[in-house]
Structure formats: C-alpha cells, structure tokens
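Reviewing the structure listed below.
Naming convention: chains lettered A, B, ... in sequence-line order (proteins, then strands); numbering from 1 in each chain. What you see is a predicted model; the values in this text were computed from it and never measured. Side chains included, hydrogens not; waters and symmetry mates left out as well; all remaining heavy atoms used.
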Number of protein chains: 2
Amino acid sequence: MAGIKDIAKKTGLSVATVSRVLNNSALVSKDTKDKVLKAAKKLDYQPNLMAAALRSGKSKIIGVVVPEINNSFFSKIINGIEQKANAHNYTIIIAQSRESKEKETKAIQSLIQSKVDGILISISKETDDFDIIHSLKSNGMPIVFFDRPPPVKNVNEVVFDDYKGAYIATEHLIKQGCKSIIHIAGEPKVSIHRKRKNGFMDALKKNSYSLSESSIIYLSMNESEDTKTIQKLYKSQNSFDGIFAHGDESCLYLLNILKTIAVDVPKNVKMIGFGNKKFSRLTQPKLSTIDQRCLEMGEIATSRVLELLKPKNEISVKTKILSPKLVIRKSSFD
Amino acid sequence: MAGIKDIAKKTGLSVATVSRVLNNSALVSKDTKDKVLKAAKKLDYQPNLMAAALRSGKSKIIGVVVPEINNSFFSKIINGIEQKANAHNYTIIIAQSRESKEKETKAIQSLIQSKVDGILISISKETDDFDIIHSLKSNGMPIVFFDRPPPVKNVNEVVFDDYKGAYIATEHLIKQGCKSIIHIAGEPKVSIHRKRKNGFMDALKKNSYSLSESSIIYLSMNESEDTKTIQKLYKSQNSFDGIFAHGDESCLYLLNILKTIAVDVPKNVKMIGFGNKKFSRLTQPKLSTIDQRCLEMGEIATSRVLELLKPKNEISVKTKILSPKLVIRKSSFD
DNA sequence: TTGTATGCGTTATCAA
DNA sequence: TTGATAACGCATACAA
C-alpha cells in the first residue's frame, strides 16, 4: 500500500506531477502519465481520501440520515441514493436517528464533523424543533429532504403523494366493482396515515359512495378481538366487499383473518395494501398494493443534492412530489 | 462553526493547549480547561475529524461490508454493530456488495482509502477468490467476518449455527407430536440451505423417523403448481403433519397454500419457519420460527474488532458460533 | 502547566 | 510540462 510520495520516489518525478496525473489535470505529458500510472499499479497505490479532503475542502461524501435502516422503505431509498451517488463518484455515509430527536442531532453533527459535502435527510417522528435545520441552511450546507420534510420554508424536498396513493387505491377497488369499501387506518398521529385516510374518504365522496362510522377501522392487533370485530362487521348490514389497508402489514393481517372466517379473497372481498413490501408477493392471493417508488425517490434526492454541489448553482429551491404506482395483483382482481 | 485555531485566538491560549483540553489530556489547569470549553461552546466548535484522523493515524471509523442493506437479516446485524461501535465512540461506514465480487472488492478498497481502523464483513455469495482478504490480513488490517466467513484459515469470525437451528426446529415439531415431517428446502447452492437441510435430516434420523424422497420439497414458487403439489402430497399415503420451512418467507407462502386447501394450522399440520422476520407475527396463526440473534451477532463481531484495535493485543484468532433461539408461536403449538 | 514547531498525505500556487 | 513549497486542521514531541 503506497502513497503519492512513494510513486514520486519510484518514478523520479515530483509529488506535484504525480498528483496531477492521478487527478487528470491534463497538463502532463503522455510519457510521464504512463510512467506514473504504471508505478501506481505496481506499488498498489491507495489514495488517502482524508488527506485529499482536508486539502481540497471536498470530501466527495454525502451524508444520509434516516430514522431506521431496518425498514425496507428506507433501505430501498438508500439503494437509490447509493446508486446515484456512486455513479457520480460520491460515497455515502448512513446514520440512523431511530426516531429520536437527540440521536438525529448527533447524527447530523457527526456528518458535519466528517466533512460531508451534502446531506440527505428524512426527519425523525419525534423531532419538534428545527434549529439545527436552520443552522445547516444558514451555514450553506447543501441539504435535501426526502419522504419526511420539516415544516420549514424554502427547502429542497422529495416527497411521496400519500393522499393520491390512497385515492388511487380506493378508486381501483371501485372500478373492480366494490360497492362498500372500508379502510383499515393507521395511527392517526402519523401524518402519512392521516393523508391516506383522507385520500380514501375523498375518493369515496367523489364517487358518491356513502361513508359511515364503520368505514374506518382501527385494529387492536389482538388477533381474536380483531377477528370478532371483522366477522361481526362482515355479517352486519354494514358489510363490505372491499378493503383498503393503510399498509401491507395490516393487509396481510386482515387477509389471514378473512381466511379464518372463510371469506374468499378476491371473490367475496377485494383488498389492496400500501407499500409494496416483499412479502406481498408471497401471500395467496398475492396482494395488490401501492408502490412508493423508493428507488426513484433516492435517486431524485441525490441528483438534487449533486446539483447543489455544483459551483454555478443559483439558489433555486424545488419540491418534487412523486406519484404513486398502482400494483394490481390477485387480491383485488378476478 | 469554529476550529481549534479560533478557540486559541479567542482565549489567548496556544492551539496545543486547546487541543489538549479537547482531548482530555489531563495536563491542563482547571482554569484554562473551563475557559476553553466555554469558548468552544460559544463559537460552536466542530472538530474536523478528517484532520484529526490524518494526524493521529486513527479514524475511529469501522467499515462494514454487507451484501444487501435491504434485507432485515443484515440490517438487524448492522444495528447491533452500530450500537456497540457508538458506545465505544466509533462511527461506522456501511458499504454494499450486492452479492457481486467486483463491488465487494471496490467497497473494501473504498474503506481502506477512507482509512477505517477496522473492517467487518459478510462475504458476497459470488465471491470465489480471496486475494483481497489475504492482502488485508497481511497488511495487518483488523478484520472480523460475520455470518458468511471466507474459506480462509486463521480469521476471526462470528457465525450462526444453521445446522443446529434446523435440528432444534425439527425436534420441536417432533415434541409437538408430529409423526411425519417434511422440509421445504432452499436453493441447494447456498451453503446455509444445505446446513438447514442436514440439520433437518439428522434430527429425523436421531429420532428414528423415516425419511423418504417426498420428505424434502423444492417449491417452484408458482402458486397453482405448488398448491397442487402440496395438496396431492397431503392426500397421499406420504401425508404430513409437520413442516419445517427453510425460511419464514416460504413458511408464509405455505401457510397460505394450506389455508387454500382447507388444512388447519396448527390442528392438522404444525409448521415452523426460520429467521424470525417481522411479518411472522402478522399471520394467523402466528408463525413459530428460529431466531438468529442478529443483534448479538453484530455486537459480538464489533467487540471482537474493537479488541483487535487495542495496541496490546496478542494475535489470537477466534471463532464464535451463535446458537439458535427457538421462538414458539401458534403455528406449531396447540 | 503551557507554548513552539513539525508533520500526517494531499492539493494548489507560483515559479522555472 | 514540471518542481518546490505552502497550506488544510489537528496532535504530539520537545522545550520552556
């Protein structure tokens, strides 16, 4: 493992020239270039990125902060980020906030100290003050938010249209002939859950479907209890033939309950989830769902931060809203 | 955002003294210490980790290479790694090989160039030569393998006992009274799949259970085809009342098939999966499974590399084998 | 207890 | 086209 100095010694050139070759600084003769490259390979040259970053002021690293890596939604997005970043010769450093404001702040600080050139971040649920965001902005740190932007003006963000996703899912059930559709709702404190619920309700209204109290169900996640609830509802006059679940997880959960009480999916009831999780293809029937285009979200956010990194940039600010993709499988189609 | 120099200027002390305070080098008066700390806070001091690393030769970073981050097995392990590393004031950099030997090599190289102090790695499936591992070893890079060690002598490794996991799962079914157990096997090219199959077979032998050709099933993952296969087998004289699936995914898949052909789990057939995936708690009945103690694997591997980082270390080499944990839920128990 | 001076490996400026 | 040299921000050996 050699450095620039070793190559200089070996070739009899100066470190400056060697550095120029290694950075394609064009002002070198083909002869010396070849000589240097050959020596580099022979000596197993490994550039010291830290030294280069220190000197140049550019680390070629992008920092990524997500709530949780063990979450396929975020890890898919990270894949998009990594691909795009690598394609532009950038490396990424991933940090987790674990939905804690304190850890989030620490993570950001740590990225700053690691001299990342830019930051991509999805804000933790717990975070309620945004001082650090403001300080990042005023320090001129290139920063792009994805999926969960902060309530701060004039920021770059890439978000997913949860409302529309829910709307589309619901309309899909309507088109499949469902006459009475219920929504398995998520924890209302979470904003995306509220958006999905609203999308569901508006789709019903728009299509002149009636919306009763029993149209929105909050499950207890206690099996026998939920089974009773669903069975009772199914046999009541408020029965349903369509289900839009706020997530694939609850869709799976419900599918199992329906099987238990001998309701056939999709014959008797059609259902659709949200998230396009891996396991949604392993059920029988396979689950229809809404795909959030995670990979694209990561790619777009990265492209944006890469733009901000270019010296020429005018300080424009953009919000990109990703539209949902309907994934039709067996659970909503026959 | 200030540096060590700014603090020196502000306090009228030398950079050396400031540096000493910031590194707890003990040889400073309480007075100057207070002065420096106060100024540091006031000026919003952010250490330049790259400069410190360059000077000290220690980056306090551990590099982690995994095949895929979007895989709950690995991301759980990473959580264990991160926790342990952070607790010791180390940061981690995560790189993905995506099961490609080429990307794996690049990832390792990139970590070296980032001057990580040590490396944790789970080898990609595709990797078939181990030159880079040997060169890392001979360069004295502290390195610990987890889950998928390379076939190289004298390395530190933390692995999971897949054979034993399968054995325990099978014996569990036997204890639950199953008389005829089948195994849903995985792709035999993958070594852990072979180990699980062997554990299954040995558990049967040990308990004097007969093992026929139809005891080991390879699914096509074509729904209707697999449904027919299972239904036919279930109604044949080689019928079964216990299933050990090589993964939770195929366990879920099979559970759905059984429901479709009206076989009750766990009454008619008991089943157990492998991996303790999140969704295994969302099925009805909930899936029994084998937990691989991912968090511990990450923690142990990190502790090991941290030991190697201590100057005093004698070059001992250890293999740690993690035993499986049986998770009994409804699918194998009534 | 504190300060001076040097160097980590690289890039960038200036001169040749 | 190339070389000598300063500088990036910090840690540390040595001097005071």
Can you tell me how far [atom2] of [N] sits from [atom1] of [X], to the nearest Å?
{"X": "B:Leu22", "N": "D:dG9", "atom1": "CG", "atom2": "C1'", "result": "12 Å"}
{"X": "A:Asp31", "N": "D:dT2", "atom1": "CG", "atom2": "P", "result": "8 Å"}
{"X": "A:Asp6", "N": "C:dG9", "atom1": "CG", "atom2": "P", "result": "9 Å"}
{"X": "B:Lys33", "N": "C:dT2", "atom1": "NZ", "atom2": "C1'", "result": "16 Å"}
{"X": "A:Gln113", "N": "D:dG9", "atom1": "CD", "atom2": "C1'", "result": "13 Å"}
{"X": "B:Lys9", "N": "D:dG9", "atom1": "NZ", "atom2": "C1'", "result": "13 Å"}
{"X": "B:Leu27", "N": "C:dT4", "atom1": "CG", "atom2": "P", "result": "17 Å"}
{"X": "B:Leu13", "N": "C:dG3", "atom1": "CG", "atom2": "C1'", "result": "10 Å"}

Is [X] salt-bridged to [Y], going by a charged N under 4.0 Å from an acidic O?
{"X": "B:Glu157", "Y": "B:Lys320", "answer": "no"}
{"X": "A:Arg304", "Y": "A:Glu307", "answer": "yes"}
{"X": "A:Lys30", "Y": "A:Asp34", "answer": "yes"}

- For B:Thr32, answer base if it contacts any base atom (sugar-phosphate contacts may also be present), sugar-phosphate if it contacts only those atoms, and nothing otherwise; contact means non-hydrogen atoms under 4.0 Å. sugar-phosphate
- Most 5' of B:Ser29 and B:Leu54 on DNA chain C, judged by nearest nucleotide: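 The residue closer to the strand's 5' end, by nearest nucleotide, is B:Ser29.
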- 5'-most contact on DNA chain C: B:Ala16 or B:Ser56, nearest heavy atom basis?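 So the residue in question is B:Ala16.
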- Item | Options D:dA11, D:dT2, D:dC10, nucleotide nearest the side-chain atoms of B:Asn23 | D:dA11
- Looking only at side-chain atoms of A:Ala51, point me to the closest of C:dG9, D:dC8, C:dT4.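 The listed nucleotide nearest to A:Ala51's side chain is C:dG9.
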- Message: If you assign A:Gly12 and B:Ala52 each to the DNA chain D nucleotide with the nearest heavy atom, which residue ends up on the more 5' nucleotide?
- Response: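 On the 5' side of the pair lies A:Gly12.
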Within the pair [X] and [N], is there a side-chain N or O less than 4.0 Å away from OP1 or OP2?
{"X": "B:Thr17", "N": "C:dT2", "result": "no"}
{"X": "B:Lys58", "N": "C:dC8", "result": "no"}
{"X": "B:Ser14", "N": "C:dT4", "result": "no"}
{"X": "A:Tyr45", "N": "C:dG9", "result": "no"}

- Intermediate values then yes/no, salt bridge (Lys or Arg N to Asp or Glu O under 4.0 Å), A:Lys103 and A:Glu126: CA-CA 10 Å; A:Lys103 284 195 180 167; A:Glu126 200 202 69; over 6 Å; no
- Message: Is there, by distance only and without an angle test, a donor paired with an acceptor across the side chain of B:Arg20 and the base of C:dG3 below 3.5 Å?
- Response: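 Answer is yes: a donor-acceptor pair is held.
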- Is any side-chain N or O of A:Arg55 under 3.5 Å from a base N or O of C:dT10, one able to act as donor and the other as acceptor?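 No pair found.
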- Task: Please determine which of B:Ile7, B:Val18, B:Asp6 meets the side chain to side chain contact (heavy atoms under 4.5 Å, CB included) test together with B:Tyr45.
- Result: B:Ile7
